[in-house]
Enquirer: 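Would you mind keeping the following structure in view while I ask a few things?
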Amino acid sequence: MSVVFLGFVANAQTEKLVVKTKIYCDHCIECGSCDARIQNQLFTGLTGVKAVKLDPKAETITVTYNSKKTNAAAIRKAIAKTGYDADDVKADPAGYAALDGCCKKK
């Protein structure tokens with residue numbers, strides 16, 4: 001019974017955040033530049049991120065994370081640092097400047 005309880009407690013710390021963004025690249029899935037940049041920033045810049053899924057058609061980034069180790073505000077800030085808007089958090093100008101040309105607003 002204690003194993004079941006520990007599994008329940010571990011799952012209770014896992015949350016999912018869907019962040020709305022604007023993706024200008026029309027071939028994101030093919031080149032992987034946008035996805036790799038965002039994943040790298042979230043996995044190396046934050047503790048507790050378990051999964052990141054970019055959906056260029058819906059223009060969303062879904063992040064599964066441990067709420068004991070990070071939070072939604074930190075995740076939005078990390079995404080903005082890569083050069084993408086994250087809900088109401090505007091893209092960092094330096095991050096935006098570092099994006100590939102195809103990833104920038106035309």
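Values below: all heavy atoms of this structure, side chains included; hydrogens, waters and symmetry mates excluded. Residues: numbered from 1 along the sequence shown.
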Enquirer: Can you confirm whether the side chains of T14 and K50 place a donor and an acceptor under 3.5 Å from each other?
Expert: yes

Enquirer: Should D85 and K20 count as an ion pair when the cut-off is N to O under 4.0 Å?
Expert: no

Enquirer: Are L46 and V19 grouped together when hydrophobic residues (ILVMFWY) are joined by side-chain heavy atoms under 4.5 angstrom apart?
Expert: yes

Enquirer: Kindly indicate whether a cation-pi arrangement holds for K22 with Y84, taking the cut-offs as under 6.0 Å to the six-membered ring centre and within 45° of the axis.
Expert: no

Enquirer: Do V49 and V89 sit in one hydrophobic cluster, given that two such residues count as connected whenever their side-chain heavy atoms are within less than 4.5 Å of each other, even indirectly?
Expert: no

Enquirer: Would you confirm whether D92, through its side chain, and G95, through its main-chain N or O, come within 3.5 Å as a donor-acceptor pair?
Expert: yes

Enquirer: Any idea which heavy atoms bring L99 and R37 closest together, and the distance?
Expert: CD2-NE, 3.3 Å

Enquirer: Could you tell me whether the side chain of K53 and the main chain of T60 form a donor-acceptor pair under 3.5 Å?
Expert: no

Enquirer: Do the side chains of I61 and F43 join up, straight or via other hydrophobic residues, at under 4.5 Å, putting them in one cluster?
Expert: yes

Enquirer: Measuring from S67:OG to Q13:CD, what's the distance to the nearest 0.5 Å?
Expert: 6.0 Å

Enquirer: Identify each donor-acceptor pair in which a side-chain atom of residues 75-83 lies under 3.5 Å from a protein atom, sequence neighbours left out, and give them as a table.
Expert:
unit_1, atom_1, unit_2, atom_2, d
R76, NE, D87, OD2, 2.7
R76, NH2, D87, OD2, 3.2
T82, OG1, I79, O, 2.5

Enquirer: Test: side chain to side chain donor-acceptor pair (under 3.5 Å). Region: residues 40-49. Which pairs qualify, not counting sequence neighbours?
Expert: none

